[in-house]
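Start at 1 with the first residue, then count along the sequence.
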Amino acid sequence: LRSTVDDSEPATFDFYIGPSGSDSNDGLTTGTPWALTALNDSAKRALYRGKRVGFLDGTYDVSGVTTKTGGQSSLFEAQGGTDVNNPTVLEAVNHRQWVIQANNGASYPHIDCPILGDFESAFGYLHIIGLKLTGGGCKGLFLGKITTPRAPGYLVTDCEFTGFDCRGVPGGGNYSCVELHHITQHTVRDNYLHDNIGHTLNSSDHWAGIQNFNVTDGLYEFNTLTQSGGIYGKNDGIHGNTLRYNYIDVGTMGPSSFGGLQDWAGSSETGNTTYIHNNICLGAYLNDFRKSDGGGGWYSNLEMYNNLFSAISSSGSSYGLMMRAGAGKVKIFNNIIMEAGTGDHCYVALNVDAPGVLDYNLYY
């Protein structure tokens, strides 16, 4: 899937980074680029904040970089911009020819070390465009922070994430190609995630292609995920997001337990509406929209329509359309919901306090 939205900006950059660059260069031309480590340099952060940084073609091998420990502290931390009109833009000069090669899934000493993310004291207004990130372990791109308030102004577009393998990472963490944490007013568009392996080969234990914690007012569209885990919403505070025109196929990842769109469970806030429409989801354990903490149900408002959900499950597993609605208004219409196997399936339950509309859906 590809969007018709044009996110292109003038092909000029304020600074350049190259695979053979040096931090002793001025970074002002393609002939004098900085190295990738410039993202971590405090003096250079002051220069590139709110500017456009162009990444030259080539492979940026970070497999030998010492992994940090604790606190979701990334190997490379870029400083975001100052406001919506002045974001920091990290963009490939030629899209997807900016390739960051990690350590091919070798065991990290800490489960929460992403490869590329925010500078810890400057969040928001950061655009990542045209990156190819390959060979990651537990986390690839990590944006936002783990506490409120939510940071605004992120864009991730036209990126590719492949070759992740977190089987060597200790269990108990949350693994993902892309993780968005406590952010708002963001867009994730036109990304391709494929051929990635979770905690174990046939288990989705804490594994996702795109994983979201406490995110609001976001747009997720025209993303393609094949053998990569799905798009997950985690924890309370998920509301007001739009997921549309995504293609997700997790059917080859294992006979059960993989999610396509899962745990977009809403929150106690009912002022916003979440829209999920025109998505194709193929695979197992699809669409569990119950609160991810195991209690209650969907509290914020939901409209879900024009989707194809196709689930394949082993005996005794839950799959299909799973939902328990709380106080929010729920509208589910014009969906095709296919399932095969045994166990709980195509299960929808609405609280008496939740006005609901379920109409023109095809189940088989």
Side-chain angles (χ1 to χ4, degrees), residues 2-3 6-23 25-41 44-45 47-65 74-81 87-104 114-119 125-137 139-143 154-164 176-180 187-196 209-210 222-224 228:
R2 296 287 291 177
S3 83
D6 184 5
D7 278 322
S8 62
E9 300 180 58
T12 57
F13 298 94
D14 300 291
F15 298 99
Y16 292 90
I17 289 178
S20 59
S22 171
D23 287 348
N25 290 338
D26 59 20
L28 295 175
T29 71
T30 58
T32 59
W34 290 330
L36 187 61
T37 49
L39 294 178
N40 293 338
D41 184 276
K44 292 180 175 59
R45 281 173 177 153
L47 293 175
Y48 72 70
R49 186 179 191 191
K51 304 294 185 180
R52 293 174 49 79
V53 182
F55 287 77
L56 302 177
D57 293 5
T59 299
Y60 298 71
D61 187 351
V62 301
S63 59
V65 178
S74 302
L75 296 181
F76 302 95
E77 297 179 326
Q79 179 157 329
T88 296
V89 178
L90 307 183
E91 180 175 359
V93 173
N94 295 295
H95 285 197
R96 301 191 189 176
Q97 299 305 307
W98 162 28
V99 182
I100 295 182
Q101 171 67 53
N103 63 356
N104 291 312
I115 297 167
L116 177 63
D118 288 283
F119 176 46
Y125 308 114
L126 180 62
H127 294 184
I128 309 293
I129 305 174
L131 165 68
K132 181 176 180 179
L133 184 54
T134 183
K139 294 182 189 294
L141 181 62
F142 185 96
L143 300 177
Y154 291 96
L155 170 67
V156 180
T157 187
D158 202 18
C159 294
E160 181 178 356
F161 301 87
T162 187
F164 280 63
S176 57
C177 295
V178 180
E179 185 166 315
L180 309 176
T187 298
V188 181
R189 173 190 294 135
D190 277 334
N191 300 290
Y192 182 30
L193 297 86
H194 63 98
D195 298 295
N196 300 297
I210 304 172
F222 296 102
N223 299 290
T224 298
S228 288

query = Heavy atoms, side chains only, cut-off 4.5 Å: are R52 and H127 in contact?
reply = no

query = Which class fits the ring pair F15 and W34: parallel under 30°, tilted 30 to 60°, perpendicular over 60°?
reply = parallel

message = Apply side chain to side chain donor-acceptor pair (under 3.5 Å) to residues D118 and Y154 and explain how you reach the verdict.
response = CA-CA 11 Å; D118 288 283; Y154 291 96; 3.2 Å; yes

key: K139 side chain vs S74 backbone, donor-acceptor pair below 3.5 Å   = no

request  = Without swapping roles, check the side chain of N196 against the backbone of G163 for a donor-acceptor pair under 3.5 Å.
outcome  = yes

query = Tell me, do L155 and P87 make a side-chain contact under 4.5 Å, heavy atoms counted?
reply = no

query = Does E77 offer a backbone N or O that forms a donor-acceptor pair with the side chain of N40 under 3.5 Å?
reply = yes

note = CD (Q79) and CG (L47) are apart, to the nearest 0.5 Å, by 10.5 Å

T162 and K132, any side-chain heavy atoms less than 4.5 Å apart = yes

task = Would you name the heavy atoms of G140 and P114 that are closest together and state the gap between them?
result = O-CB, 3.8 Å

remark   = Heavy atoms of D23 and K44 approach each other most closely as O-NZ, 3.1 Å

ask   = Would you say the side chain of F142 lies within less than 4.5 Å of the side chain of I115, judging by non-hydrogen atoms?
value = no

Derivation of the side chain to side chain donor-acceptor pair (under 3.5 Å) call for N25 and T32 = CA-CA 5 Å; N25 290 338; T32 59; 5.8 Å; no

request  = Go through the steps to decide whether L39 and I17 satisfy the test side-chain contact (heavy atoms from CB on, under 4.5 Å), and finish with yes or no.
outcome  = CA-CA 9 Å; L39 294 178; I17 289 178; 4.0 Å; yes

key: Exam field: side chain T88 to backbone L126, donor-acceptor pair closer than 3.5 Å   = no

note = Separation between SG (C177) and CG (L133), nearest 0.5 Å, reads 8.0 Å

task = Just say parallel, tilted or perpendicular for the rings of Y60 and W98, cut-offs at 30° and 60°.
result = perpendicular

request  = Output yes when a side-chain donor or acceptor of N191 lies under 3.5 Å from a complementary backbone atom of V156, and no otherwise.
outcome  = yes

request  = May I ask you to decide if the ring planes of Y16 and F13 are parallel, tilted or perpendicular, using 30° and 60° as cut-offs?
outcome  = perpendicular

task = Answer whether the closest heavy-atom distance between the side chains of L90 and F55 falls below 4.5 Å.
result = yes

message = Let me confirm one number: the CD-OH distance from E160 to Y192, rounded to the nearest 0.5 Å.
response = 7.0 Å

inquiry  = Do V188 and V178 have side chains that approach each other closer than 4.5 Å (heavy atoms only, starting at C-beta)?
reply    = no

inquiry  = Given 3.5 Å as the limit, does a donor-acceptor pair link the side chain of T29 with the main chain of G31, or not?
reply    = yes

query = Of I100, D158, T157, which is the lone residue that meets side chain to side chain contact (heavy atoms under 4.5 Å, CB included) with L131?
reply = I100

message = Restricting to non-hydrogen atoms, name the atom on H95 and the atom on I129 that form the minimum distance, rounded to 0.1 Å.
response = CE1-CG2, 3.3 Å

